[in-house]
Amino acid sequence: MTDPFVRAVEAVLFASETPLTATMIAAYVGNGDVRAALATIQADHAGRGFGLVRRGEHWHFETAPDLAHFLRRDRDESRKLSRAAIETLAIIAYHEPATRADIESIRGVQISKGTIDVLLAAGWIRPAGRREVPGRPLTYATTPAFLDHFGLNSRRDLPGIADLRAAGLLEPIDDAFATMLESGDDSD
Amino acid sequence: MTDPFVRAVEAVLFASETPLTATMIAAYVGNGDVRAALATIQADHAGRGFGLVRRGEHWHFETAPDLAHFLRRDRDESRKLSRAAIETLAIIAYHEPATRADIESIRGVQISKGTIDVLLAAGWIRPAGRREVPGRPLTYATTPAFLDHFGLNSRRDLPGIADLRAAGLLEPIDDAFATMLESGDDSD
Amino acid sequence: MEADAPVLTIELDGWEGPLDLLLALARAQKVDLRRISILALVEQYLRWIDRAAALRLELAADWLVMAAWLAYLKSALLLPREPDMDPDPEELALRLQLRLERLDAMREAGARLLARDRIGRDVFTRGDPEGLHVVRKARWDASLYELIDAYGRVSARTRPVLHVVRHRPVMTLEVAIARVEALLGTAIDWTVIGHFLPADADERFRRSALASTFLAALELARQGRLAIRQDAPFGPIELRPVA
C-alpha cells in the first residue's frame, strides 16, 4: 500500500481537469510534503504508459509521448461512389486524357469539384498534363490503381461501344420501350 | 521499464474519455494479450491513488473510493434523482427487461414520461425490444454506463439481488402466489 | 396496535399513491413485512381517508378506489369464512402483503444502489484525458459492372438520336389515277370502288390503295371524267365513267 498522502496527491492530480501547482494540491489534501509526494509519484510512474509531468509550476499526468501513435487508429470505411462520380470515372476511363469540359459535354451536366476530388482521393485518376488549347485545361487519366481495383489488365480490356450495345447497356429507356412496342405490334 | 505492450494498453486506457472493452483496446494496440495486460495493470495499481476497474466488459481508471473526501465536489450533488426515478431505475435493474406496466404494478402508481426520460438521458437504461404479449410493450434494460456509474462488475453485483431472488421478490406476484399455493398452505 | 399508530400528517403530496401510504403504515407497525397485520393496516388507511374527508381534502379517485377495496377486504376478513368465497379474502390479503414487500424491496434496492461509490461523486475518472482518435479513411467501392453500366448510361443519354422511318408499302396518287383511268374503260355501269383496288395485296397496302384510289376518283371527277355516288352515309362508294 502506497503512503496515504502520496495516494491522495495522486488521486487529486488524476481527477483534476487542469494541471495543478503544489499549492493547489495542498488545498485538497491538507498538510503534508506535496513536493516529496510529487517526486515519489513521478519516480513510481517512470517507464510506464503514462507519467507525471511538470510544466512550469504546474503538474499533470499525461500519456507517455512515445506511445502517441497508439492513441489513434485508422478505420476503413467502405463507401459507394455517387452516380456522378462513377459516370465521371467511366468517361475518363473511356476517353482519357479528358478535361473537365470533355466530361461535362459527354455527361450533359456540370460536374462539381468534389466529384473529381473523390476520384483523385480514391487514387483512381491523376492529373495528366494540360491540353494545348485556349485556357490550357487540365486533363485527367486513370491510374494503375484504377486497373487494379477493377481487375483490368489495361484500358483496352474495357468493353467497347459495340460490346455495350450487344449487352443492352446502351439502350436508353425510351428506345428499349419502343423496341418492345414494335415487336409486339407487327411481327412480320 | 514496463513491458511495451502493457505500456501501450495502459496509455490507451489512460487517454480514453470512455471505458473500453478488451476488443476496443486491441483495435488501438494491435496484437497481444490484452486481458493479461489488463490484469498486470490492475495489479500494479492496487493500493495506489487510482486504479484500473472492470465494469461489465468495460475497463477504466478511477480514483480509489476511500479518497472520495479529498475529491468530492458539491456541485455534483445538485443533480438529485427523484424518488420515482430511483425506484424506477431499481425496478429495471433488478427485473430487466422490464416494461412500463411492470414498473407501475410494483410502484402502484402511474409513471410519468419524464421519469423514464431522465434515466434514458443519463444513459443508464435503454429500450430492450418489445415483449411478445398483447400490445407488444417496449421493455427497458440497463446499460454498460449504468454498471460504470454505480461501480458494478455485473448485474450479479446489484446490492442484495441474490437474497431478493431467493425470497421470490423478483418474480411477479401471480407467479409467487402460484409457487406458494403449490408448496402447501403454510402461511404463517 | 392502534395506540402506537403514528400520527401521519395529512399531506397529499407526501405520498405517491395509496400503495406508498400503505407501505409507510405497514413499516410503522415495526414488524417484518411478512408478519404485518393486514387488518390493522386497513383500519389505519380507512381512518386516514376519513380524516382527509373530514378536512374536505380533494382525494384522487385511486385513493377512494383503494379505500373501497380495503373496506370490502376488511369485512370479508371479519365475516365467518365461507369455504367457497371467491375471491378468497385471505388470498387478497396475502396479495396486498406481497405487493407491499415488492415495493419495499425495490425502495430499499434503490437506496442501496444510490449509496454505492458513484462516478462523479465518490470516485472520479481522469479529469483531462487526451482522448482517443479514430481517423476515418474512406475506401471507395465500385465494381467493373457499375463502371461500364455508367458509361452505357451516359452514352445512351447523350448520343445523337437518329430517327429511321421504316419502309411501308404505299400506292401513290399517280399510280392510283392511272389504275382508275385504265379500269374505267372496262366498266360501263356503277362499280363499287373496291373493284378498282389491286386484288390479293396485303391489308396495309390495300388501305393505302383505298385512300389513294378515293383521292384519284375525286381528281378524275373534278376533271369531269367520272361520276361518284353514295346512296347513304357509310354506304358503298360507286364510280361510273362519264360518257
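Protein chains get the first letters and strands the later ones, always in sequence-line order, with residue 1 at the start of each. Here the structure is a predicted model, which is why all the values come from computation and not from measurement.
- By the neighbour-count criterion of 12 heavy atoms within 6.0 Å, atom CD of B:Gln110 is sparsely surrounded, having that number or fewer from other residues, nucleotides or ligands.
- Annotation: A:Phe61 is in aromatic contact with B:Phe50 [ring centroid separation under 6.0 Å].
- Of the residues considered (B:Ala27, B:Ala64, B:Pro4), B:Ala27 shows the highest number of contacts with chain A, using heavy-atom pairs under 4.5 Å.
- Taking CZ from A:Arg48 and NE2 from B:His45, the interatomic distance works out to 5.0 Å, rounded to the nearest 0.5 Å.
- Scanning all heavy atoms of the two residues, the minimum distance from A:Ala11 to B:Leu67 falls at CB-CD1, 3.5 Å.
- Among A:Val12, A:Thr63, A:Val9, A:Ile41, the residue making the largest number of heavy-atom pairs under 4.5 Å with chain B is A:Thr63.
- For A:Phe14 and B:His60, the ring centers sit 6.0 Å or farther from each other.
- Both the backbone and the side chain of A:Leu71 come within less than 4.5 Å of a heavy atom of chain B.
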